[in-house]
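To start, the structure under review is shown below, and the notes come after it.
Below, chain A is the first sequence line, B the second, and so on; all start at residue 1.
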Number of protein chains: 2
Amino acid sequence: MGTDGAALSVPIRVLVVDDHALFRSGVNAEIGDSVDIVGDVGTVDEAIDAIRAKKPDVVLLDVHLPNGGGVAILEALADSTSNTKCLALSVSDAAEDVIAIIRAGARGYVTKTITHDELLDAIRRVHAGDAVFSPRLAGFVLDAFSSTKPVTSDPDLDRLTPREQEVLRLIARGYTYKEVAGRIHLSVKTVETHVSSVLRKLQLSNRHELTAWATDRRLL
Amino acid sequence: MGTDGAALSVPIRVLVVDDHALFRSGVNAEIGDSVDIVGDVGTVDEAIDAIRAKKPDVVLLDVHLPNGGGVAILEALADSTSNTKCLALSVSDAAEDVIAIIRAGARGYVTKTITHDELLDAIRRVHAGDAVFSPRLAGFVLDAFSSTKPVTSDPDLDRLTPREQEVLRLIARGYTYKEVAGRIHLSVKTVETHVSSVLRKLQLSNRHELTAWATDRRLL
DNA sequence: CGCACCATCGGGGACAACCCTGGTTGAACC
DNA sequence: GGTTCAACCAGGGTTGTCCCCGATGGTGCG
């Protein structure tokens with residue numbers, strides 16, 4: 001069914017980016033009949049130029065390239081308004097590779113162990129706006145995204161008394177001492193005392209660092 | 001092939017959470033032969049209790065429930081060390097629903113238009129550690145993840161002179177006037193002047209709002 | 001050339017932030 | 001009953017923030 005689907009409508013215009021010429025010609029031979037391969041290049045700079053010039057529908061993008069890798073290409077094109085989709089294609093199944101290139105804007109990530117039909121399907125789905133991942137890899141992105149390091153028992157935070165934590169939260173949100181005092185019915189001087197001991201206990205020097213500290217731990 | 005794959009090995013233990021009893025019995029009838037449905041519940045509290053007690057392999061989780069929805073269940077279980085996977089199952093295909101529940105820790109999201117076989121496949125893949133999405137929905141997560149809304153031509157930002165933007169960046173990072181002055185070799189008074197005009201042009205009242213404004217636009 | 005705008009710098013003042021040294025109360029613990 | 005600690009409050013001082021008023025040069029423009 002692979003070839004038919006593409007041949008019926010306008011074929012998808014694909015650019016292949018990989019620093020190994022043999023691999024590029026392999027891709028060309030495998031899927032060249034089913035999609036319109038508008039070019040194949042081997043360097044970051046060539047890729048950027050080719051994407052700007054030919055505006056392919058989908059870029060088949062190798063992750064590991066000299067001079068910055070696929071991420072460099074995606075970042076260079078981040079501001080362009082084209083609707084070119086990028087599908088990362090790599091031998092690596094390492095979480096950091098996947099996360100880096102997805103964060104840079106790729107719409108999918110498949111390993112080079114993929115079959116002919118699966119690759120065609122992936123290209124079509126990316127072109128249609130879906131995200132495509134080899135089975136295990138999607139989990140990496142979710143792990144990074146859901147960012148669930150609750151750190152329920154934060155040793156630093158535990159050293160603060162309940163009242164100090166309460167004040168900390170309000171200060172980190174940008175309220176002045178006076179506003180905090182009014183909000184939890186204290187005197188300004190008491191708020192100052194609490195903030196001082198919070199700063200001392202956390203080894204911070206001012207409320208700006210405190211805000212950064214709090215946002216780091218997501219206690220807002 | 002659906003039934004065979006499950007019957008061969010130990011069947012996957014599934015808990016169904018949905019506030020509509022009819023839907024629960026529908027799921028039960030559809031896939032009860034292929035997986036081991038260890039319970040079906042209709043409220044957040046029941047779900048939390050049931051997950052703790054029965055430790056299912058996969059929770060089929062409705063997104064929209066009274067008292068907090070599926071997100072509340074995921075958050076309540078975030079600290080538990082079980083390896084129960086949650087697959088969100090919803091009528092909604094809204095980006096905010098998808099992002100919220102994935103951020104809370106769900107490992108997949110499919111709409112209720114799914115077919116019998118697709119649902120079984122989704123359950124198996126989630127159980128195996130993959131992430132599963134209905135076609136269009138994965139893109140929502142990637143959009144939220146790659147956080148690439150540079151807003152290169154921000155009209156507000158353009159109204160600032162280059163020097164003002166430079167000072168803005170440093171102030172937003174928490175440096176004091178004195179530190180900014182030392183860093184770009186100006187007098188403190190000049191820094192004050194620049195900050196004042198930045199605050200005036202952006203209609204902000206203090207540096208806390210400025211920090212919030214800057215982080216909003218990711219100019220750090 | 002006058003004019004607007006930018007960048008640089010200053011004085012003075014009001015207020016907020018931060019630190020220090022105190023104090024009182026109440027609850028918990030030995 | 002003495003100790004310890006959280007929570008509350010106060011005075012006084014230094015520094016930082018933000019605003020007002022000004023000033024000087026440089027640049028580009030009609």
What is the distance, rounded to the nearest whole Å, between atom [atom1] of [X] and atom [atom2] of [N]?
X: Ile171(B); N: dG16(D); atom1: CD1; atom2: P; result: 12 Å
X: Leu199(A); N: dT15(D); atom1: CG; atom2: P; result: 18 Å
X: Leu204(A); N: dA17(C); atom1: CG; atom2: C1'; result: 15 Å
X: Arg159(B); N: dC6(C); atom1: CZ; atom2: P; result: 11 Å
X: Asp158(B); N: dC6(C); atom1: CG; atom2: C1'; result: 17 Å
X: Leu160(B); N: dA7(C); atom1: CG; atom2: P; result: 10 Å
X: Arg207(B); N: dC19(D); atom1: CZ; atom2: P; result: 12 Å
X: Asn206(A); N: dG16(D); atom1: CG; atom2: P; result: 10 Å

* Phosphate OP1/OP2 of dA7(D) contacted by His194(A) side-chain N/O (<4.0 Å) ->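 False: His194(A) side-chain N/O out of range (4.0 Å or more) of dA7(D) OP1/OP2.
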* To do: Please check the phosphate of dA7(C) (OP1 and OP2 only) for any side-chain N or O of Arg163(B) closer than 4.0 Å.
  =>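 No.
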Between [Y] and [X], is there a side-chain donor-acceptor contact under 3.5 Å, judged purely by atom types and distance?
X: Arg173(A); Y: His208(B); answer: no
X: Asp18(B); Y: His20(B); answer: yes
X: Asp93(B); Y: Thr111(B); answer: no
X: Thr190(B); Y: Ser187(B); answer: yes

* To do: Would you check if Thr84(A) and Leu77(A) make a side-chain contact, meaning some heavy-atom pair closer than 4.5 Å?
  =>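 No, their side chains stay 4.5 Å or more apart.
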* Could you tell me, to 10°, how much the axis swings from one end of the helix from dC1(C)-dG30(D) to dC30(C)-dG1(D) to the other, five pairs per end? =>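 For the helix from dC1(C)-dG30(D) to dC30(C)-dG1(D), the axes at either end differ by 30°.
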* Considering heavy-atom distances to DNA chain C, does Ser187(B) or His208(B) have its closest nucleotide positioned more toward the 5' end? ->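 Between the two, 5'-proximity favours Ser187(B).
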* Apply side-chain contact (heavy atoms from CB on, under 4.5 Å) to Arg107(A) and list each qualifying residue two or more places apart in sequence or on a separate chain. =>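 Lys85(A), Val126(A), Leu142(B), Asp143(B).
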* Structure fact -> Heavy-atom contacts, protein to nucleotides 20-26 of chain C, under 4.0 Å, summarised as B (base), S (sugar-phosphate only) or - (none) per nt, yield -------
* **Criterion side chain to side chain contact (heavy atoms under 4.5 Å, CB included) on Arg124(B) and Ile12(B), from CA distance to verdict** => CA-CA 8 Å; Arg124(B) 293 206 188 90; Ile12(B) 299 173; 3.9 Å; yes
* Report the residue from Val44(A), Thr43(A), Leu65(A) that forms a side chain to side chain contact (heavy atoms under 4.5 Å, CB included) with Asp19(A). =>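 Exactly one pass, corresponding to Leu65(A).
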* To do: Apply the test side chain to side chain contact (heavy atoms under 4.5 Å, CB included) to residues Asp40(B) and Leu15(B): give CA-CA distance (whole Å), side-chain angles for both, the deciding distance (0.1 Å), then the verdict.
  => CA-CA 6 Å; Asp40(B) 61 305; Leu15(B) 177 73; 5.8 Å; no
* **Leu186(A), nearest nucleotide to its side chain (from dC18(C), dC9(D), dC18(D))** =>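 So the nucleotide nearest the side chain must be dC9(D).
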* To do: Name the nucleic acid region contacted by Thr190(A), choosing base, sugar-phosphate or nothing; use a 4.0 angstrom heavy-atom cut-off, strictly under.
  =>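 If one applies the 4.0 Å heavy-atom cut-off, Thr190(A) turns out to touch a base.
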* To do: Could you note down all residue pairs passing salt bridge (Lys or Arg N to Asp or Glu O under 4.0 Å) where residues 58-70 of chain B supplies at least one of them, sequence neighbours left out?
  =>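 Every pair satisfying salt bridge (Lys or Arg N to Asp or Glu O under 4.0 Å) with a residue in residues 58-70 of chain B: Asp62(B)-Lys112(B).
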* Could you list all the salt bridge (Lys or Arg N to Asp or Glu O under 4.0 Å) pairs where at least one residue sits in residues 184-205 of chain B, not counting sequence neighbours? =>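 Of all non-adjacent pairs touching residues 184-205 of chain B, those that pass salt bridge (Lys or Arg N to Asp or Glu O under 4.0 Å) are Glu164(B)-Lys201(B), Lys189(B)-Glu192(B).
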* Selection: residues 175-183 of chain A, any non-hydrogen atom under 4.0 Å of DNA chain C ->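 Those residues whose heavy atoms fall under 4.0 Å from DNA chain C, taken from residues 175-183 of chain A in numerical order, are Thr176(A), Tyr177(A), Lys178(A).
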* Which is it for Leu160(A) and Leu157(A) under the side chain to side chain contact (heavy atoms under 4.5 Å, CB included) test, yes or no, and what are the steps along the way? -> CA-CA 6 Å; Leu160(A) 302 181; Leu157(A) 193 59; 4.0 Å; yes
